[in-house]
2 protein chains.
Amino acid sequence: MGAEASDLEWKKGSAELLILSLLEARPRHGYEISKLIELRSRGAVRYHVASLYPLLYRLEKRGWVEGRWVEKSGQRRRRYYRLTSLGRKVLASQRRGWQRFVEAVDRITGRIVEVEHA
Amino acid sequence: MGAEASDLEWKKGSAELLILSLLEARPRHGYEISKLIELRSRGAVRYHVASLYPLLYRLEKRGWVEGRWVEKSGQRRRRYYRLTSLGRKVLASQRRGWQRFVEAVDRITGRIVEVEHA
DNA sequence: CTCCCATATATGGCACGTCCATATATATGC
DNA sequence: GCATATATATGGACGTGCCATATATGGGAG
């Protein structure tokens with residue numbers, strides 16, 4: 001009942017948002033996503049493969065991304081994931097949610113100061 | 001090894017940071033913390049009691065907060081938690097960590113744009 | 001030529017945190 | 001007298017990240 005889905009799935013990892021964001025520009029394979037997260041976050045965020053791959057399967061199962069195998073001589077086969085149109089909508093929604101969450105945390109932790117009852 | 005504590009425990013909930021922050025100003029009891037989180041986040045963040053109380057026990061066990069029972073006629077007994085000096089240090093550290101994490105997520109999700117290889 | 005490392009994907013099992021449901025206890029409003 | 005808000009407590013279900021490990025291939029060091 002009430003809204004759809006929990007508004008604060010953030011409590012358990014923002015991994016979904018990160019992956020969907022990285023797939024926005026173009027399709028990427030798992031290992032690339034992993035390294036890109038590490039690189040762009042300057043080492044602050046790092047997902048282990050045992051977390052990342054199952055997550056990609058979940059995203060695909062939900063229809064947010066779509067994977068296809070690409071084989072090239074001279075390298076191991078890779079599975080490239082591209083964002084589906086549904087995935088794009090989910091990403092937009094998750095971006096808004098993340099924004100709201102960060103603001104909420106800031107208000108609670110006092111970075112945004114408010115008067116506390118009279 | 002390496003640093004102390006995991007740098008990114010954020011992946012599983014920022015509840016610790018929120019609670020420690022709220023106890024910074026003054027001691028509070030569980031129910032008050034719960035309501036305050038809900039109020040200040042404008043409903044965006046809401047912890048269920050079954051999450052909150054066990055978390056408070058954990059924080060106390062780690063020596064970050066200290067609880068004491070307060071009984072007043074006309075109301076049910078309450079357990080007030082105050083931030084210990086160790087808790088204050090942890091809070092400062094977690095605040096920095098949260099800050100770094102938000103920046104990292106922003107860089108990954110593209111809110112902070114960067115050039116991507118030549 | 002062999003060993004090791006980086007690349008690249010895959011998975012079983014453990015640990016831990018959050019939620020649901022439920023329980024207890026007291027003061028207030030209807 | 002009963003429902004509701006306050007206030008704390010807990011067993012069990014469930015999801016998800018991590019550790020360890022496995023497979024496969026190319027390139028560099030020795």
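Proteins get letters first, then strands, A, B, ... in listed order; numbering begins at 1 in each.
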Of all residues at least two apart in sequence or in a different chain, which pass the salt bridge (charged side-chain N to carboxylate O under 4.0 Å, His left out) check with Arg77(A)?
none

List for me each residue that meets side-chain hydrogen bond (donor to acceptor under 3.5 Å, both in side chains) alongside Glu38(B), sequence neighbours excluded, and say none if there are none.
none

Below 3.5 Å between N/O atoms, which protein atoms pair up with nucleotides 23-25 of chain C? Just atom names and distances, please.
unit_1	atom_1	unit_2	atom_2	d
dA25(C)	N3	Arg76(B)	NE	3.2

Tell me every residue that passes side-chain contact (heavy atoms from CB on, under 4.5 Å) with Leu39(B), counting only those two or more places apart in sequence or in another chain.
Leu36(B)

Looking at side-chain heavy atoms only, is the closest gap between Ile33(B) and Leu56(B) below 4.5 Å?
yes

Residues in ring-ring contact (aromatic ring centres under 6.0 Å, His included) contact with Tyr31(B), at least two apart in sequence or another chain:
none

Below 4.0 angstrom from OP1 or OP2 of dC18(D), is there any side-chain N or O of Ser51(A)?
yes

Quick one: which residue pairs count as a salt bridge (charged side-chain N to carboxylate O under 4.0 Å, His left out) with a foot in residues 82-92 of chain A, not counting sequence neighbours?
Glu66(A)-Arg82(A)

Round to a whole Å and report the spacing from OH of Tyr53(A) to P of dT7(C).
11 Å

Under a 4.0 Å heavy-atom cut-off, which of residues 61-69 of chain A touch DNA chain C?
Trp69(A)

Classify Tyr57(B) by what it touches in the nucleic acid, base, sugar-phosphate, or nothing, heavy-atom distance under 4.0 Å.
sugar-phosphate

Applying salt bridge (charged side-chain N to carboxylate O under 4.0 Å, His left out), can you list everything that pairs with Arg62(A), at least two apart in sequence or on another chain?
Glu16(A)

Using links of under 4.5 Å between side-chain heavy atoms of ILVMFWY residues, direct or through other members, which residues join Tyr80(B) in one cluster?
Val70(B)

